[in-house]
There are 2 protein chains.
Amino acid sequence: MADRLSPTSYVVLGTIALRGPSTSYDLKRAVGRSIGYFWHFPHAQLYSEPQRLAELGLLEAETETEGRRRRTYRLTEEGRAELKAWLAEPTPEHFQMRDIAELKLFFNEVGEPGDVARLAREQVAAHRERIAVYEDMQARYADLDAVAKRMITLRLGLEMEHAALRFWSSLLDEVADGIDETA
Amino acid sequence: MADRLSPTSYVVLGTIALRGPSTSYDLKRAVGRSIGYFWHFPHAQLYSEPQRLAELGLLEAETETEGRRRRTYRLTEEGRAELKAWLAEPTPEHFQMRDIAELKLFFNEVGEPGDVARLAREQVAAHRERIAVYEDMQARYADLDAVAKRMITLRLGLEMEHAALRFWSSLLDEVADGIDETA
DNA sequence: TGCCATACCGTCCGAAGCAGACGGTATGCA
DNA sequence: TGCATACCGTCTGCTTCGGACGGTATGGCA
């Protein structure tokens, strides 16, 4: 059913399934605090996508009449069914990376000698910082049963961050021997 | 200089810098064999983007008159300068992940009990397969000095794949105890 | 009570990204 | 000669994207 939905669609459906009836603004904040860490969605889509889903009958909209023209969306039975079908079906696509740093590293032959070291240093710092953020979240929500099941993706995020950190650190070691020791 | 280029622009610029003068078709194949593994570009853009870059003076186009209307692009001085400036400048963005499997995992509460195990099994297989591909590439080009510098990104790719494999394997262990042992 | 600053919230638009259909060209082999 | 297949480029319609913009509620201070 339903033409074929995009990942964005399922983020909307799924977030509403987890939180209950929500406005676009609610979605925006919820996504910003969770999925947004590994998959970026421009907030404009969290306004347009629910409208589309409502037209498809997967969501039900209720518009406030006074004050802000705020719209609250709730899941329909069809919406929940669509979401569950998606969760149950195979996932053929391999993940994609979108890492500007990796791109730069690939073309490093074209650049100047110091470039790689500078890049590596930056990346080490960035990944360390991100790891701190994740560990903080993990600690904060450690014993909140309500979100325990969601927090599991944090572990994946941490694995990835550590892998990246390991890579850039060792690259830095290899490359920083002697040359360009300046911060 | 130049409004501000997209990652796609730098992929085109960079690939031409590495390979020398190229047609869009050349770019398509070269990208498919390298960067395409971690960052997907639809081939149509490898036709339109060089045209834009030529208008900006970063590339120089030469069109064949007979047979196929093939266009060969070569880097201008401005193009090389732009590329080198990009390589030298800081990289503020953190990588993005786009992993459908991670999305499904995040919403697993909504699904049925067997879903996570099935997902994990799939992912383990997929990452193992990808690791095999990468290791094969690594072995094949191990002693080709010409591409050694590019192959370093493969190491990063492998680190990432291993991290993902570790995560999904251990998740599978945790979740597959007793329930749903069917392939 | 009126005014301002600031957070809150939603819409719009132009540009870029994207998938894939389509159509034309060269090559090889029956 | 004719067909199959690989090679190569273009086009179209749609979605995604970033960010500017504009309106609305709240609280504090004059």
Side-chain angles (χ1 to χ4, degrees), chain A residues 2-13 15 21-33 35-36 38-56 59 61-73 92-94 96-98 100 103, chain B residues 2-13 15 21-33 35-36 38-56 58-59 61-73 92-98 100 103:
Chain A
D3 257 331
R4 201 73 317 245
L5 303 175
S6 67
T8 312
S9 316
Y10 292 110
V11 167
V12 169
L13 252 22
T15 305
S22 311
T23 67
S24 287
Y25 189 67
D26 294 333
L27 295 177
K28 178 191 153 188
R29 281 186 316 162
V31 167
R33 275 184 275 105
I35 303 161
F38 63 92
W39 192 323
H40 170 76
F41 296 93
H43 74 278
Q45 269 171 262
L46 300 178
Y47 284 87
S48 58
E49 190 61 26
Q51 258 165 279
R52 254 196 64 211
L53 295 172
E55 277 162 33
L56 293 173
L59 292 179
E62 186 185 342
T63 313
E64 276 179 30
T65 47
E66 62 217 42
R68 292 180 207 268
R69 44 253 173 282
R70 196 157 21 196
R71 235 163 318 192
T72 303
Y73 298 96
E93 313 86 346
H94 202 78
Q96 275 184 53
M97 273 293 305
R98 322 235 141 186
I100 304 281
L103 228 41
Chain B
D3 256 330
R4 199 72 319 240
L5 303 174
S6 67
T8 311
S9 316
Y10 292 110
V11 167
V12 169
L13 253 22
T15 304
S22 310
T23 66
S24 287
Y25 189 68
D26 294 333
L27 295 178
K28 177 191 154 187
R29 280 187 315 162
V31 166
R33 274 185 276 106
I35 303 162
F38 64 90
W39 191 322
H40 170 76
F41 296 94
H43 73 278
Q45 269 170 263
L46 300 177
Y47 285 87
S48 57
E49 189 61 26
Q51 258 165 279
R52 255 196 63 211
L53 294 172
E55 277 163 33
L56 293 173
L58 304 177
L59 293 178
E62 186 185 343
T63 312
E64 278 181 28
T65 47
E66 63 215 39
R68 293 178 207 270
R69 44 252 175 284
R70 194 156 23 196
R71 236 163 316 190
T72 304
Y73 298 95
E93 312 86 347
H94 202 79
F95 68 62
Q96 275 184 51
M97 274 289 304
R98 322 238 138 188
I100 305 281
L103 228 40

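Chain naming here is simple, since letters A, B, ... match the order of the sequence lines and numbering starts at 1 in each. Computed from a predicted model, the values in this text were never measured in an experiment.
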**Item:** Under the side chain to side chain donor-acceptor pair (under 3.5 Å) test, residues paired with A:Y25 that sit two or more places apart
**Value:** none

**Request:** Report the residue (B:Q96 or B:S24) whose heavy-atom-nearest nucleotide on DNA chain D is the more 5′ of the two.
**Result:** B:S24

**Contacts of B:S22 that satisfy side chain to side chain donor-acceptor pair (under 3.5 Å) - sequence neighbours left out** = B:R19

**Message:** Are A:T72 and A:T63 packed together at the side-chain level, in the sense that at least one heavy-atom pair is separated by less than 4.5 angstrom?
**Reply:** no

**Request:** Grab the CD-P distance between B:E93 and D:dG18 for me, whole Å please.
**Result:** 10 Å

Report each atom pair, protein N/O against N/O of nucleotides 14-16 of chain D, whose distance is under 3.5 angstrom.
from, atom 1, to, atom 2, distance (Å)
D:dT16, OP1, A:S6, OG, 3.0

**Asked** To the nearest Å, how far apart are B:L5 CG and C:dA15 P?
**Response** 16 Å

**Asked** Residues in ring pair (Phe, Tyr, Trp, His ring centres under 6.0 Å) with A:Y47, at least two apart?
**Response** none

**Asked** Taking only residues two or more places apart in sequence, or in another chain, which ones meet A:Y10 in a ring pair (Phe, Tyr, Trp, His ring centres under 6.0 Å)?
**Response** A:W86

**Asked** B:H43 near the nucleic acid: base, sugar-phosphate alone, or nothing, with a heavy-atom cut-off under 4.0 Å?
**Response** base

**Fill in**
When rounded to whole Å, the CH2 to C1' distance for the pair B:W39 and C:dC18 reads 14 Å

**Asked** What is the distance from CZ of B:F41 to P of C:dG20, rounded to the nearest Å?
**Response** 18 Å

**Nucleotide C:dT11, atom C1' - distance to CZ of A:R70 in whole Å** = 16 Å

**Prompt:** Reckon B:Y47 has a side-chain N or O less than 4.0 Å from the OP1 or OP2 of D:dT10?
**Reply:** no

**Asked** Got a donor-acceptor contact below 3.5 angstrom from the B:T23 side chain to the B:R71 backbone?
**Response** no

**Request:** Measure the distance from CG on A:L27 to P on C:dT11 and round it to the nearest whole Å.
**Result:** 13 Å

**Prompt:** What is the distance, rounded to the nearest whole Å, between atom CG of B:D26 and atom C1' of D:dC8?
**Reply:** 11 Å

**Asked** B:H40 side chain: which of C:dA19, D:dG19, D:dC7 is closest?
**Response** C:dA19

**Request:** Using atom OH of A:Y25 as one end and atom P of C:dT11 as the other, report the distance to the nearest whole Å.
**Result:** 14 Å

**C:dA7 phosphate, OP1 or OP2, under 4.0 Å from A:R29 side-chain N/O** = no

**Prompt:** With sequence neighbours left out, what residues match A:E49 under side-chain contact (heavy atoms from CB on, under 4.5 Å)?
**Reply:** A:S6, A:T8, A:S9, A:V12, A:R52, A:L53

